[in-house]
Amino acid sequence: QVQLVESGGGLVQPGGSLRLSCGASGFTLDGWSVAWFRQAPGNEREGVSCSSGYDGSTYYADFGKGRFTITRANFENTVYLQMNSLKPEDSAVYYCATTDHLVDSSTWDLSTKYDYWGQGTQVTVSS
């Protein structure tokens with residue numbers, strides 16, 4: 001059974017850091033593209049970052065460039081999202097998703113591209 005499980009969310013002060021984890025079971029993430037999305041109350045789900053399983057490219061939303069870093073640990077079957085310099089507007093439920101279809105710079109942030117989703121982890125940035 002294919003399953004993605006996120007962890008690492010929590011409450012952090014503005015300017016702080018969190019590292020989110022997306023662990024996979026039932027299949028190997030090697031060769032699959034993995035993305036992080038987030039959704040705040042009243043907002044649409046938006047792409048945060050993606051690690052391509054095709055060529056190793058990484059993609060970031062403009063709001064995350066310079067602050068967020070996506071990495072893979074294939075031996076752990078896990079993808080991480082390191083988030084630094086967090087802002088209150090980063091507060092949301094963060095989801096990881098994966099697909100074995102090709103994604104690129106123009107499609108990585110389309111939620112319809114992804115086949116499997118985790119249950120989400122809450123990130124709250126507040127003083």
Side-chain angles (χ1 to χ4, degrees):
Q1 180 181 0
V2 173
Q3 191 173 13
L4 297 176
V5 178
E6 303 97 333
S7 62
L11 173 64
V12 64
Q13 292 187 341
S17 299
L18 284 174
R19 189 177 76 157
L20 305 184
S21 301
C22 174
S25 61
F27 74 111
T28 177
L29 286 173
D30 191 14
W32 288 60
S33 294
V34 178
W36 287 94
F37 287 79
R38 71 184 187 183
Q39 188 167 20
N43 291 355
E44 293 185 355
R45 190 169 296 189
E46 61 180 351
V48 177
S49 182
C50 176
S51 171
S52 168
Y54 176 66
D55 61 3
S57 296
T58 56
Y59 308 106
Y60 296 93
D62 286 345
F63 60 76
K65 290 178 180 177
R67 299 191 299 130
F68 296 173
T69 304
I70 190 169
T71 55
R72 286 178 178 259
N74 285 339
F75 66 99
E76 295 176 341
N77 215 25
T78 300
V79 172
Y80 298 99
L81 182 69
Q82 178 69 42
M83 304 188 296
N84 299 327
S85 302
L86 283 163
K87 307 173 182 180
E89 52 264 43
D90 293 318
S91 298
V93 178
Y94 283 70
Y95 301 90
C96 67
T98 191
T99 180
D100 62 351
H101 297 110
L102 179 67
V103 296
D104 58 23
S105 60
S106 63
T107 62
W108 71 269
D109 57 349
L110 300 177
S111 60
T112 54
K113 281 285 188 178
Y114 296 87
D115 303 308
Y116 301 103
W117 292 78
Q119 82 291 347
T121 186
Q122 177 71 47
V123 171
T124 303
V125 184
S126 175
S127 55

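Computed from a predicted model, the values in this text were never measured in an experiment.
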Ring geometry between Tyr114 and Phe37 (parallel below 30°, tilted from 30 to 60°, perpendicular above 60°): perpendicular
Geometric cation-pi criterion Arg38 and Phe63, 6.0 Å radius, 45° cone: yes
Test item: Thr98 and Phe27 side chains (from C-beta on) under 4.5 Å apart, heavy atoms: yes
Main-chain N/O of Ile70 paired with Ser51 side-chain donor or acceptor, under 3.5 Å: no
Ion pair Lys87/Asp90, N-O distance below 4.0 Å: no
Stepwise side chain to side chain contact (heavy atoms under 4.5 Å, CB included) test for Arg72 and Val34: CA-CA 9 Å; Arg72 286 178 178 259; Val34 178; 4.0 Å; yes
Expected output: side-chain Thr121 to main-chain Gly9 donor-acceptor under 3.5 Å: yes
Aromatic Tyr95 / basic Arg45 pairing, under 6.0 angstrom, 45° off normal: yes
Selection residues 12-37 - residue pairs positive for side-chain hydrogen bond (donor to acceptor under 3.5 Å, both in side chains), sequence neighbours left out: Ser17-Asn84
Contact check, side chains of Thr71 and Val79, non-hydrogen atoms, under 4.5 Å: no
Asn77 (side chain) donor-acceptor with Ala24 (main chain) under 3.5 angstrom: yes
Contact check, side chains of Leu81 and Ser49, non-hydrogen atoms, under 4.5 Å: yes
Tyr116, OH atom: more than 12 neighbouring heavy atoms under 6.0 Å: no
Test item: Leu20 and Met83 side chains (from C-beta on) under 4.5 Å apart, heavy atoms: yes
